[in-house]
J.: 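Okay, here's the structure, questions in a sec.
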Amino acid sequence: IEPNESGYYFRSSFEGSTDKWEGRGSAKITSTDKNASDGSSSAYVSNREASWNGITQHLNSAFKGGESYSFSADVMYDEGETDSQTFFLTLQYEDSTGETHYDKVDTAVVTKGKWLQLSDESFKIPDGAVNLWLYVETEEGSDSFYVDNLIGAVDGVKITSAGSEPEINVTPGDINSDGAVDVFDLIMARSGLIGGFDDKTAEKAADVDNSGKVEINDLVLIQSYLLGKTADFTIN
(Lines give C-alpha, C1' and ligand atoms only; values in the text may rest on other atoms or scores of the structure.)
Protein backbone atom coordinates (compact mmCIF):
# COMPACT_ATOMS: atom_id res chain seq x y z
CA ILE A 1 0.00 0.00 0.00
CA GLU A 2 1.54 3.27 -1.16
CA PRO A 3 0.64 6.81 -0.06
CA ASN A 4 -1.01 9.16 -2.55
CA GLU A 5 0.53 12.40 -3.85
CA SER A 6 -0.41 14.15 -0.59
CA GLY A 7 1.32 11.48 1.49
CA TYR A 8 -1.99 10.01 2.70
CA TYR A 9 -2.40 6.27 3.19
CA PHE A 10 -6.09 6.89 3.76
CA ARG A 11 -8.47 9.81 4.02
CA SER A 12 -12.10 9.39 5.07
CA SER A 13 -14.28 12.44 4.35
CA PHE A 14 -17.59 10.56 4.77
CA GLU A 15 -19.19 12.07 1.67
CA GLY A 16 -22.27 9.84 1.46
CA SER A 17 -20.47 6.86 3.02
CA THR A 18 -19.09 5.65 6.35
CA ASP A 19 -15.99 4.47 4.47
CA LYS A 20 -15.93 1.20 6.46
CA TRP A 21 -15.56 2.95 9.82
CA GLU A 22 -17.39 1.07 12.56
CA GLY A 23 -19.07 1.84 15.85
CA ARG A 24 -17.08 0.98 18.95
CA GLY A 25 -19.26 -0.61 21.61
CA SER A 26 -22.88 0.44 21.14
CA ALA A 27 -22.04 3.41 18.88
CA LYS A 28 -23.78 3.75 15.51
CA ILE A 29 -21.99 5.41 12.57
CA THR A 30 -23.83 7.20 9.77
CA SER A 31 -22.89 9.70 7.07
CA THR A 32 -24.74 13.00 7.53
CA ASP A 33 -24.93 16.34 5.76
CA LYS A 34 -26.03 18.13 8.94
CA ASN A 35 -22.46 19.17 9.81
CA ALA A 36 -19.04 19.00 8.15
CA SER A 37 -15.62 20.52 8.70
CA ASP A 38 -14.81 20.06 5.02
CA GLY A 39 -17.01 19.19 2.05
CA SER A 40 -20.69 18.56 2.69
CA SER A 41 -20.79 15.51 4.99
CA SER A 42 -19.27 13.99 8.09
CA ALA A 43 -19.63 10.87 10.23
CA TYR A 44 -22.29 11.10 12.94
CA VAL A 45 -21.46 8.97 16.01
CA SER A 46 -24.67 8.28 17.94
CA ASN A 47 -26.29 5.67 20.21
CA ARG A 48 -23.37 5.88 22.63
CA GLU A 49 -23.79 4.35 26.09
CA ALA A 50 -20.30 5.10 27.44
CA SER A 51 -17.40 7.46 26.79
CA TRP A 52 -15.33 4.76 25.04
CA ASN A 53 -18.09 4.16 22.48
CA GLY A 54 -16.88 5.95 19.35
CA ILE A 55 -15.78 5.51 15.76
CA THR A 56 -13.06 3.00 14.88
CA GLN A 57 -11.32 1.18 12.04
CA HIS A 58 -8.64 -1.49 11.79
CA LEU A 59 -5.50 0.03 10.27
CA ASN A 60 -4.25 -1.56 7.07
CA SER A 61 -0.86 -3.16 6.47
CA ALA A 62 0.78 0.19 5.63
CA PHE A 63 0.95 0.85 9.38
CA LYS A 64 3.59 -1.09 11.29
CA GLY A 65 4.97 -1.23 14.81
CA GLY A 66 8.16 0.76 15.34
CA GLU A 67 7.34 3.25 12.55
CA SER A 68 6.01 6.83 12.81
CA TYR A 69 3.01 8.29 10.99
CA SER A 70 0.90 11.43 10.78
CA PHE A 71 -2.69 11.07 12.02
CA SER A 72 -5.55 13.57 12.07
CA ALA A 73 -9.28 13.79 12.78
CA ASP A 74 -11.70 16.72 12.98
CA VAL A 75 -14.27 16.46 15.78
CA MET A 76 -17.33 18.46 16.90
CA TYR A 77 -20.37 18.02 19.11
CA ASP A 78 -23.49 20.14 19.57
CA GLU A 79 -25.61 18.08 21.97
CA GLY A 80 -25.76 17.65 25.75
CA GLU A 81 -25.41 20.02 28.70
CA THR A 82 -21.64 20.59 28.80
CA ASP A 83 -19.95 23.60 27.17
CA SER A 84 -16.81 21.59 26.37
CA GLN A 85 -15.62 18.00 26.27
CA THR A 86 -12.25 16.29 26.16
CA PHE A 87 -11.78 14.16 23.03
CA PHE A 88 -9.14 11.50 22.36
CA LEU A 89 -7.68 10.18 19.13
CA THR A 90 -6.46 6.78 20.32
CA LEU A 91 -4.50 3.82 19.01
CA GLN A 92 -5.46 0.38 20.31
CA TYR A 93 -2.93 -2.40 19.75
CA GLU A 94 -1.58 -5.69 21.12
CA ASP A 95 2.01 -6.24 22.23
CA SER A 96 4.08 -9.41 21.72
CA THR A 97 2.38 -11.11 24.69
CA GLY A 98 -1.10 -10.43 23.37
CA GLU A 99 -1.88 -7.76 25.96
CA THR A 100 -4.04 -4.89 24.70
CA HIS A 101 -2.83 -1.29 25.08
CA TYR A 102 -4.40 2.12 24.42
CA ASP A 103 -2.09 5.02 23.47
CA LYS A 104 -3.36 8.55 23.00
CA VAL A 105 -2.37 9.99 19.62
CA ASP A 106 -3.77 13.37 20.65
CA THR A 107 -6.03 14.93 23.28
CA ALA A 108 -7.98 18.18 23.00
CA VAL A 109 -10.73 20.09 24.79
CA VAL A 110 -13.45 20.76 22.21
CA THR A 111 -15.85 23.69 22.62
CA LYS A 112 -19.47 22.81 21.98
CA GLY A 113 -20.55 23.69 18.44
CA LYS A 114 -17.01 24.20 17.10
CA TRP A 115 -14.81 21.91 15.04
CA LEU A 116 -11.34 21.10 16.37
CA GLN A 117 -8.53 19.02 14.95
CA LEU A 118 -6.92 16.12 16.80
CA SER A 119 -3.54 15.38 15.24
CA ASP A 120 0.06 14.29 15.61
CA GLU A 121 2.44 14.73 12.68
CA SER A 122 4.90 12.15 14.00
CA PHE A 123 3.23 9.53 16.17
CA LYS A 124 5.34 6.42 16.68
CA ILE A 125 3.53 3.11 16.84
CA PRO A 126 5.24 1.10 19.59
CA ASP A 127 7.73 -1.58 18.59
CA GLY A 128 6.13 -4.98 18.07
CA ALA A 129 2.59 -3.59 18.07
CA VAL A 130 0.06 -5.60 16.04
CA ASN A 131 -3.72 -5.62 15.49
CA LEU A 132 -3.88 -1.83 15.23
CA TRP A 133 -7.17 0.04 15.64
CA LEU A 134 -7.56 3.83 15.40
CA TYR A 135 -10.56 5.39 17.12
CA VAL A 136 -12.10 8.61 18.45
CA GLU A 137 -13.68 8.70 21.91
CA THR A 138 -14.46 11.15 24.72
CA GLU A 139 -13.15 11.30 28.26
CA GLU A 140 -16.63 11.40 29.78
CA GLY A 141 -20.29 11.23 28.81
CA SER A 142 -22.20 9.62 25.99
CA ASP A 143 -23.30 12.59 23.85
CA SER A 144 -23.34 12.07 20.10
CA PHE A 145 -20.62 13.77 18.06
CA TYR A 146 -19.33 14.32 14.53
CA VAL A 147 -16.03 13.29 12.94
CA ASP A 148 -14.61 14.41 9.59
CA ASN A 149 -11.34 14.02 7.68
CA LEU A 150 -9.95 10.96 9.43
CA ILE A 151 -6.49 10.68 7.92
CA GLY A 152 -3.42 8.48 8.22
CA ALA A 153 -0.33 9.68 6.39
CA VAL A 154 3.44 9.48 6.02
CA ASP A 155 5.50 10.63 9.01
CA GLY A 156 5.92 14.41 9.09
CA VAL A 157 3.01 15.28 6.81
CA LYS A 158 1.26 18.40 8.14
CA ILE A 159 -2.49 17.95 7.78
CA THR A 160 -4.45 21.20 7.79
CA SER A 161 -8.20 21.37 8.22
CA ALA A 162 -11.10 23.62 9.13
CA GLY A 163 -10.55 22.42 12.68
CA SER A 164 -6.89 23.39 12.79
CA GLU A 165 -5.71 25.98 15.24
CA PRO A 166 -4.75 29.04 13.13
CA GLU A 167 -1.08 29.90 12.82
CA ILE A 168 -0.24 32.96 14.91
CA ASN A 169 2.73 35.02 13.74
CA VAL A 170 4.02 37.43 16.38
CA THR A 171 7.10 39.42 17.36
CA PRO A 172 8.40 37.99 20.65
CA GLY A 173 7.88 40.52 23.44
CA ASP A 174 5.54 42.78 21.45
CA ILE A 175 2.50 41.76 23.47
CA ASN A 176 0.29 44.72 22.57
CA SER A 177 1.23 44.44 18.86
CA ASP A 178 2.23 48.09 18.52
CA GLY A 179 5.48 47.34 16.71
CA ALA A 180 7.81 47.87 19.69
CA VAL A 181 8.85 46.04 22.85
CA ASP A 182 8.52 48.44 25.78
CA VAL A 183 7.40 48.73 29.40
CA PHE A 184 3.74 48.49 28.39
CA ASP A 185 4.41 44.99 27.08
CA LEU A 186 6.01 44.05 30.40
CA ILE A 187 2.91 45.30 32.23
CA MET A 188 0.67 43.21 29.96
CA ALA A 189 2.89 40.16 30.49
CA ARG A 190 2.63 40.51 34.27
CA SER A 191 -1.14 40.94 34.06
CA GLY A 192 -1.47 37.91 31.80
CA LEU A 193 0.72 35.75 34.03
CA ILE A 194 -1.50 36.54 37.02
CA GLY A 195 -4.96 36.60 35.47
CA GLY A 196 -4.54 34.87 32.13
CA PHE A 197 -4.57 36.21 28.58
CA ASP A 198 -7.75 37.03 26.69
CA ASP A 199 -5.88 37.13 23.38
CA LYS A 200 -3.91 34.14 22.02
CA THR A 201 -1.70 36.47 19.97
CA ALA A 202 -0.68 38.35 23.14
CA GLU A 203 -0.08 35.09 24.98
CA LYS A 204 2.18 33.77 22.25
CA ALA A 205 4.13 37.05 22.10
CA ALA A 206 4.64 36.91 25.89
CA ASP A 207 6.15 33.41 25.64
CA VAL A 208 9.52 34.85 24.63
CA ASP A 209 11.53 31.76 25.54
CA ASN A 210 9.23 29.66 23.35
CA SER A 211 8.57 27.12 26.11
CA GLY A 212 4.89 26.71 25.27
CA LYS A 213 3.57 28.70 28.23
CA VAL A 214 4.08 32.08 29.89
CA GLU A 215 6.16 31.86 33.07
CA ILE A 216 8.30 34.06 35.35
CA ASN A 217 11.30 33.41 33.10
CA ASP A 218 9.54 35.22 30.24
CA LEU A 219 9.05 38.32 32.39
CA VAL A 220 12.69 38.22 33.47
CA LEU A 221 13.80 38.03 29.84
CA ILE A 222 11.55 40.93 28.79
CA GLN A 223 12.79 43.07 31.70
CA SER A 224 16.42 42.23 30.88
CA TYR A 225 15.78 43.26 27.28
CA LEU A 226 14.25 46.59 28.35
CA LEU A 227 17.21 47.32 30.66
CA GLY A 228 19.64 46.70 27.80
CA LYS A 229 21.21 43.69 29.49
CA THR A 230 20.40 41.48 26.50
CA ALA A 231 19.85 42.30 22.86
CA ASP A 232 17.57 39.34 22.17
CA PHE A 233 15.49 36.65 23.83
CA THR A 234 16.70 33.15 24.59
CA ILE A 235 14.80 30.75 22.34
CA ASN A 236 14.43 27.08 23.27
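What you see is a predicted model; the values in this text were computed from it and never measured.
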J.: Between the side chains of Ser122 and Asp155, does any donor sit under 3.5 Å from an acceptor?
T.: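 Judged by distance alone, the side chains do pair up.
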J.: Rounded to the nearest 0.5 Å, what separates atom NZ in Lys204 from atom OG1 in Thr171?
T.: 11.0 Å
J.: Each residue besides Tyr135 in its hydrophobic cluster should be listed here, by chain and number; the cluster joins Ile, Leu, Val, Met, Phe, Trp and Tyr at side-chain heavy-atom distances under 4.5 Å.
T.: Tyr102
J.: Could you measure the distance from the CZ atom of Phe63 to the CG atom of Leu91? Nearest 0.5 Å is fine.
T.: 10.0 Å
J.: Could you walk me through whether Thr111 and Asp83 pass the side-chain contact (heavy atoms from CB on, under 4.5 Å) check?
T.: CA-CA 6 Å; Thr111 301; Asp83 294 329; over 6 Å; no
J.: Check whether the ring centres of Tyr8 and Tyr69 lie less than 6.0 Å apart, and answer yes or no.
T.: no
J.: May I ask you to check whether Thr86 and Glu140 show a side-chain donor-acceptor distance below 3.5 Å?
T.: no
J.: Answer yes or no: is there a side-chain heavy-atom contact under 4.5 Å between Thr107 and Phe87?
T.: no
J.: Is the closest side-chain donor-acceptor distance between Ser26 and Asn53 under 3.5 Å?
T.: yes
J.: Using only atom types and a distance under 3.5 Å, with no angle test, would you say the side chain of Thr32 pairs donor to acceptor with the backbone of Ser42?
T.: no
J.: With a 4.5 Å limit on heavy-atom distance, are the side chains of Ile222 and Val208 in contact?
T.: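 SC-SC contact between Ile222 and Val208 confirmed.
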J.: Is the distance between the ring centroids of Tyr77 and Tyr146 less than 6.0 Å?
T.: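 No, the ring centres sit 6.0 Å or more apart.
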J.: Side chain to side chain donor-acceptor pair (under 3.5 Å) with Ser72: which of Gln117, Lys158, Arg11, Glu121?
T.: Gln117
J.: In terms of hydrophobic clusters joined by side-chain contacts under 4.5 Å, are Val105 and Phe88 together?
T.: no
J.: Just checking, any donor-acceptor pair under 3.5 angstrom between side chains of Ser12 and Trp21?
T.: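 There is such a pair (donor and acceptor under 3.5 Å, judged by atom type) between the side chains of Ser12 and Trp21.
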J.: Above 12 or not: heavy atoms from other molecules or residues under 6.0 Å from NZ of Lys28?
T.: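 Incorrect, the count does not exceed 12.
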J.: With rounding to the nearest 0.5 Å, note down the distance linking CG in Asp74 to OG in Ser37.
T.: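 Reported value, rounded in 0.5 Å steps: 3.5 Å.
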J.: Side chains of Ser211 and Asp209: any donor to acceptor distance under 3.5 Å?
T.: yes
J.: Considering residues, nucleotides and ligands other than Lys114, do more than 12 of their heavy atoms fall under 6.0 Å from its NZ?
T.: no
J.: Starting at OG of Ser144, measure out to CG of Asn47 and round the result to the nearest 0.5 Å.
T.: 8.0 Å
